[in-house]
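The first residue in the sequence is number 1, and the count goes up from there. What's counted below: heavy atoms across the whole structure, side chains too, no hydrogens, waters or symmetry copies.
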Amino acid sequence: MQDNTAAMQFPIIRAPGHVPLVHKLRGGIVERVYYGSVIVLSPDGRITFQAGDIDAAFYPRSALKPMQAVAMLRAGLPLDGELLALSAASHPGGPRQISGVRRILATGGLSERDLANTASLPHDPMTRLEWIARGDGPSRIAQNCSGKHAAMLLTARMAGWATAGYLERQHPLQRIIADTVVELSSQPTVAVTTGECGASQFAMSLLGLTRAFARITSAPRLSEEGRLASAMRHHTEMASGSRPDIAQRMLAVPGLLAKESHEAVQIVALPDGRAVGVKIADGSERARLLLTATALALCGACPEPLAEFTAAFSLASSRTAGQLRVTGKLALWSAAASA
């Protein structure tokens, strides 16, 4: 289990020094280079591998949700199981997820009218088309963060706080979330902004984000962190939402917890605290899965379930049109590990 006494380390506000991590090859020629940063932590929180800039401040977007959910549990959120997983999810807006959001709201005598997140169409493309075909427009309950917002409202209701203005930074719930983010990441807050859903986003480094996720994953089972980790593991279809590769990876590796976000951020961690954090510089998704699975295999995860993710893979369904391969320090580390 990780040592929670790590000294506070300020994330640094600067242009990140990302490095080449993946090459896209076609006919033996490097056609594209994916820059980014990656970090691997040992069970005791030590850095066992790093490439790029793990100290530059950035906004983790949806990867912040597990920390927000832990804070809500600490404040009295009365959820478990799939509804707790939904409170930390970036869901696709399907019938099951929307039904779950309504159940969370109903627990506190709340309704969709109480939600203050941004209205949008469902995130999943097929669900969005079905939504439009029915003549439905943008909706707060269909937006992919509505589970988190419903849980925030329920937490405020159960604690006796005002539900109106629950997103204001001085609201008691938002202050608890801010304190929890600092505690779990071991990083002071250097910048705060408003995310696309309307909730606060806290700047942190890839090191801080990965450390926080590892602490959630390795926490005692009955703690708030442990309850959230269990819910996310056992209800991957709620926790991973419209990203099936995340659910597949969680099911393939026993005990793995994974969370992704826009701008190609990925964090994964095992129950003993081993963890991987990845950020692709330009926000593209193509290199994210290969990088994460490669680093996860190299930090000691059972390699068999990850084989399909770590092998250099084709970019065409029939004839090979190109391949992705890790490069730089990660490739050298991989070669040394397999020697």
Side-chain angles (χ1 to χ4, degrees), residues 1-6 8 45 60 62-90 100-101 103-105 107-108 110 114 116-117 145-163 165-189 192 195 197-204 208-235 238-239 257 259 267 269 271 273 275:
M1 193 173 163
Q2 296 228 337
D3 177 9
N4 287 354
T5 62
M8 288 282 181
S62 290
L64 185 68
K65 287 177 180 175
M67 284 179 268
Q68 293 168 315
V70 167
M72 287 187 273
L73 287 171
R74 292 178 178 181
L77 177 66
L79 296 179
D80 277 303
E82 66 175 12
L83 296 185
L84 179 54
L86 183 59
S87 74
S90 302
V101 174
R103 288 163 58 197
I104 294 172
L105 291 169
T107 301
L110 300 154
D114 296 297
N117 57 309
C145 299
S146 63
K148 176 183 73 176
H149 282 260
M152 286 181 172
L153 280 165
L154 178 57
T155 303
R157 175 59 55 86
M158 299 304 292
W161 300 323
T163 53
Y166 72 92
L167 293 179
E168 297 297 325
R169 293 177 189 174
Q170 295 307 310
H171 190 281
L173 173 59
Q174 299 305 324
R175 292 202 301 266
I176 290 174
I177 289 174
D179 291 342
T180 301
V181 169
V182 170
E183 176 195 332
L184 292 175
S185 66
S186 290
Q187 291 191 331
T189 300
V192 183
C197 72
S200 292
Q201 274 283 313
F202 303 91
M204 62 183 63
L209 177 64
T210 309
R211 177 189 289 137
F213 201 63
R215 286 175 174 164
I216 292 171
T217 303
S218 61
R221 183 174 59 88
L222 297 180
S223 67
E224 287 85 0
E225 295 92 326
R227 287 170 55 198
L228 176 65
S230 177
M232 292 178 68
R233 287 191 190 103
H234 288 96
H235 300 278
M238 287 293 199
L257 203 65
K259 183 61 184 167
I267 42 175

- Task: Before giving the answer on side chain to side chain contact (heavy atoms under 4.5 Å, CB included), spell out for Met158 and Thr107 the whole-Å C-alpha distance, their side-chain angles and the decisive distance to 0.1 Å.
- Result: CA-CA 10 Å; Met158 299 304 292; Thr107 301; 5.6 Å; no
[X] [atom1] to [Y] [atom2] distance, which is reported to the nearest 0.5 Å:
| X | Y | atom1 | atom2 | value |
| --- | --- | --- | --- | --- |
| Glu225 | Leu257 | CD | CG | 12.0 Å |
| Arg211 | Ile267 | CZ | CD1 | 13.5 Å |
| Leu86 | Lys148 | CG | NZ | 12.0 Å |
| Gln201 | Ser62 | CD | OG | 7.5 Å |
| His149 | Ile104 | NE2 | CD1 | 12.0 Å |
| Leu84 | Arg227 | CG | CZ | 6.5 Å |

- Message: In the structure I gave you, are the side-chain heavy atoms of Arg103 and Glu82 within less than 4.5 Å of one another anywhere?
- Response: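 Of all side-chain heavy-atom pairs linking Glu82 with Arg103, at least one is under 4.5 Å.
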- Beyond-backbone contact of Leu167 with Met152, side-chain heavy atoms, under 4.5 angstrom: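 Leu167 vs Met152: side chains touch.
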Could you report the tightest heavy-atom contact between [X] and [Y], atom names first, then the distance?
| X | Y | value |
| --- | --- | --- |
| Ala219 | Gly226 | CB-N, 3.8 Å |
| Gly165 | His171 | O-CD2, 3.5 Å |
| Ala229 | Thr217 | CB-CA, 4.3 Å |
| Ile176 | Ala75 | CD1-CB, 3.9 Å |
| Val101 | Ser146 | CG2-OG, 3.4 Å |
| Arg215 | Ser186 | NH1-OG, 2.8 Å |

Is a donor on one side and an acceptor on the other found under 3.5 Å between the side chain of [X] and the backbone of [Y]?
| X | Y | answer |
| --- | --- | --- |
| Lys259 | Phe213 | no |
| His234 | Ser230 | yes |
| Gln68 | Ala88 | no |

- Under the side chain to side chain contact (heavy atoms under 4.5 Å, CB included) rule, what do Leu209 and Met67 come out as? Steps first, then yes or no, please. CA-CA 9 Å; Leu209 177 64; Met67 284 179 268; 3.7 Å; yes
- Item | Evaluation steps, side chain to side chain contact (heavy atoms under 4.5 Å, CB included), between Met72 and Thr180 | CA-CA 10 Å; Met72 287 187 273; Thr180 301; over 6 Å; no
- Query: Does a salt bridge link Arg175 with Glu168, judged by any charged N lying under 4.0 Å from a carboxylate O?
  - Reply: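 No, no charged N to carboxylate O under 4.0 Å.
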- Listed by chain and number, what are the side-chain contact (heavy atoms from CB on, under 4.5 Å) partners of Ser200, not counting sequence neighbours?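 side-chain contact (heavy atoms from CB on, under 4.5 Å) list for Ser200, sorted by chain: Arg169, Val192, Phe202.
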- Item | Residue that, paired with Leu154, satisfies side chain to side chain contact (heavy atoms under 4.5 Å, CB included) out of Leu105, Leu79, Thr163, Asp114 |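 Going through the options one by one, the only one that passes is Leu79.
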- Evaluation steps, side chain to side chain contact (heavy atoms under 4.5 Å, CB included), between Ile177 and Leu64: CA-CA 10 Å; Ile177 289 174; Leu64 185 68; 5.8 Å; no
